[in-house]
Amino acid sequence: MLDYFDMESTLTEEERLLVDSARSFIDGEVDDVGDHWIDGTFPTDLIPKMGEMGFYAPNLDGYGLPNVSERAYGLLMRELEACDSGLRSMASVQGALVMYPIHAFGSDEQKEEWLPKLGAGEAVGCFGLTEPEHGSNPSAMETRAEAAGGRAGDGYVLNGSKTWITNSPIADVAVVWAKDRTEDGDPVRGFLVETDRDGVTTNEIDEKLSLRASITGEIGLRDVRVPAENRLPGVEGMKGPLSCLTQARYGIAWGAVGAAADCFEVAREYATDREQFGRPIGGFQLQQEKLAEMATQITLAQLLAHRLADLKEAGEMRPQHVSMAKRNNVRTARDQSRIAREMLGGNGITADYSPMRHMANMETVYTYEGTHDIHSLILGEDLTGLQAFQ
């Protein structure tokens, strides 16, 4: 993988081991991701195997979790997305969007029940925030939780719908964010909703043209009763879901580097092997300029991810730092995958090569976990002190 400034030499032994393990896993276990992408399926047989490898929330501690460094976690996301965004999305949702809020905001009972099973891949989770009418403005959510029998102590009744939910059709539990109408001001609260409860539906979204090797669905909630102990007790308000998104966006910033680097390596190999006009096409100035620019932009994204890891490890990372890294690195992967596809000529539109698959996937990654434009506005407010939206 492209490492022009030799950042691998700065890794600890633990970090190198995780990178090597991830690459060995992908080489040995994931040989048909292109077929799954074409078919619109996810290799579900990998879910427990990824659990055995410790790929779910490895940067958390306790409950049998590895507690690796934040850089090691980022490197893992990089390796998984170099294979396919669907693989990284599975690990990212399971770890950053499901296990993280349980670990950070859950009760001891919730942690003991769910974290070992989710970490081992024995259970699958999903994260319910986005709604059909509320994507970039999740605080306007309509999903509500009301007291069962008039008292919150008797449990809650949930009604609403969520969409564009990774893993929902195969999930055992959903972290659902809803407005709690049992309290003044209807604060946003998180609820653990087992998907086999009466009134829960998790229909799959078909015919996607991007992130096809990932299972995406909806969460329908119709008079769904959950006990009071299913509410996450440690947080209220939008701080809850947004803090989860910060964790996931950190992984995306790293993952996008992996997708871009894979595109570069495919393009470089093709340019040195493919001959036209009596010489490899990599010997022509136009192709060398493309490779030079690709390497430069990917290296800048890589350095940004490494610095972000330093800040996160030191407890100094701000959500705005993550917005810049997610925004830049996904844009880089989106742009460079297109250039790599271009260098492959007609062969680049086939499934024999990864750049066009990465290119299509990046349209999803560019949009989810905060669109490119929303992250621009987050940065704009941080730089000017002026809020462009409420």
Side-chain angles (χ1 to χ4, degrees), residues 1-3 7 15 18-19 21-23 25-26 30 33 37 42 46 50 53 55-59 68-98 100 127 166-167 210-214 216 244-266 297-309 312 317 321-337 340 354-355 357-372 375:
M1 182 175 289
L2 177 67
D3 184 20
M7 294 302 296
E15 291 163 353
L18 189 56
V19 169
S21 297
R23 289 177 179 173
F25 174 81
I26 291 167
V30 191
V33 70
W37 195 92
F42 181 81
L46 295 180
M50 291 170 69
M53 296 294 295
F55 288 172
Y56 303 130
N59 54 335
V68 301
S69 72
E70 298 296 350
R71 188 188 312 277
Y73 172 71
L75 291 164
L76 171 62
M77 295 300 105
R78 183 191 72 181
E79 296 301 318
L80 293 178
E81 194 140 10
C83 178
D84 190 83
S85 297
L87 205 62
R88 196 268 309 146
S89 286
M90 172 63 211
S92 187
V93 169
Q94 184 92 333
L97 295 182
V98 180
Y100 170 78
F127 178 84
T166 299
N167 294 343
S210 173
L211 205 67
R212 290 183 51 77
S214 177
T216 309
C244 300
L245 292 174
T246 295
Q247 302 300 315
R249 291 163 178 167
Y250 171 82
I252 290 171
W254 276 94
V257 174
D262 182 65
C263 289
F264 173 83
E265 295 297 352
V266 171
Q297 295 304 319
I298 295 168
T299 297
L300 291 173
Q302 180 188 50
L303 295 173
L304 184 55
H306 277 273
R307 176 56 182 158
L308 193 66
K312 196 171 193 296
M317 185 186 80
H321 292 142
V322 184
S323 284
M324 179 177 283
K326 192 270 185 184
R327 177 181 180 276
N328 178 79
N329 291 6
V330 175
R331 177 180 61 186
T332 294
R334 187 190 194 212
D335 291 345
Q336 303 315 315
S337 62
S354 63
R357 172 165 51 82
H358 285 304
M359 182 174 70
N361 286 340
M362 281 303 120
E363 291 303 312
T364 294
V365 184
Y366 192 79
T367 302
Y368 74 8
E369 309 280 359
T371 67
H372 185 84
H375 286 297

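In this structure, the side chains of Ser214 and Thr216 come closer than 4.5 Å at one or more pairs of heavy atoms. The side-chain heavy atoms of Leu2 and Glu265, taken from C-beta on, include a pair separated by under 4.5 Å. Side chains of Glu70 and Leu308 form no contact here, defined as non-hydrogen atoms less than 4.5 Å apart. The closest side-chain heavy-atom distance from Met50 to Leu87 is below 4.5 Å. In this structure the side chain of Asp335 never reaches within 4.5 angstrom of the side chain of Met362, judged on heavy atoms. By the 4.5 Å heavy-atom criterion applied to side chains, Gln302 and Arg78 are counted as neighbours.
Put simply, the side chain of Lys326 gets close to the backbone of Gly370: a donor and an acceptor are under 3.5 Å apart. Listed for the Asn59 side chain is no donor-acceptor partner under 3.5 Å among the backbone atoms of Val68. One N or O on the side chain of Arg249 and one on the backbone of Glu369 form a donor-acceptor pair closer than 3.5 Å. Listed for the Ser337 side chain is a donor-acceptor partner under 3.5 Å among the backbone atoms of Ala333.
Note that the CG atom of Leu76 and the CG atom of Leu18 stand 5.0 Å from one another [nearest 0.5 Å]. One finds the CG atom of Leu97 at 6.5 Å from the SG atom of Cys244 (value rounded to the nearest 0.5 Å). With rounding to the nearest 0.5 Å, the separation of CD in Glu363 from OG in Ser85 is 11.0 Å. Here CE of Met7 is found 14.5 Å from CE of Met1. Values are rounded to the nearest 0.5 Å. Between the OH atom of Tyr56 and the CD atom of Gln94 there is a distance of 5.5 Å, given to the nearest 0.5 Å. Taken to the nearest 0.5 Å, the CZ atom of Arg88 stands 7.5 Å off from the CE atom of Met77.
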Yes or no on side-chain contact (heavy atoms from CB on, under 4.5 Å) for Met324 and His375, after CA distance, side-chain angles and deciding distance?
CA-CA 7 Å; Met324 179 177 283; His375 286 297; over 6 Å; no

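The two residues Ala360 and Trp37 have their closest heavy-atom pair at CB-CZ2, 3.7 Å. Taking each heavy atom of Ala260 and Ile298 in turn, the nearest pair found is O-CD1, 3.4 Å. Listed here is the closest heavy atom pair of Ala305 and Ala253: CB-O, 4.5 Å. The two residues Glu15 and Ala72 make their nearest non-hydrogen contact at CG-CB, 3.7 Å. The two residues Glu79 and Ile26 have their closest heavy-atom pair at O-CD1, 3.2 Å. Cys263 and Ala340 get closest at one heavy-atom pair: O-CB, 3.6 Å.
Screening Arg212, His358, Arg357 for a side-chain hydrogen bond (donor to acceptor under 3.5 Å, both in side chains) involving Asp84 leaves a single residue, Arg357.
With no hydrogens or angles considered, no side-chain donor-acceptor pair links Thr166 and Tyr368 at under 3.5 Å. Between the side chains of Gln336 and Thr332, no donor-acceptor pair is found at a separation under 3.5 Å. Between the side chains of Asn361 and Ser210, no donor-acceptor pair of N or O atoms lies under 3.5 Å.
Taking the six-membered ring where tryptophan is involved, the planes of Trp254 and His306 are perpendicular, since the angle between them exceeds 60° and thus also 30°. A perpendicular orientation is assigned to the rings of Phe25 and Phe55, their planes being inclined by more than 60° (bins at 30° and 60°).
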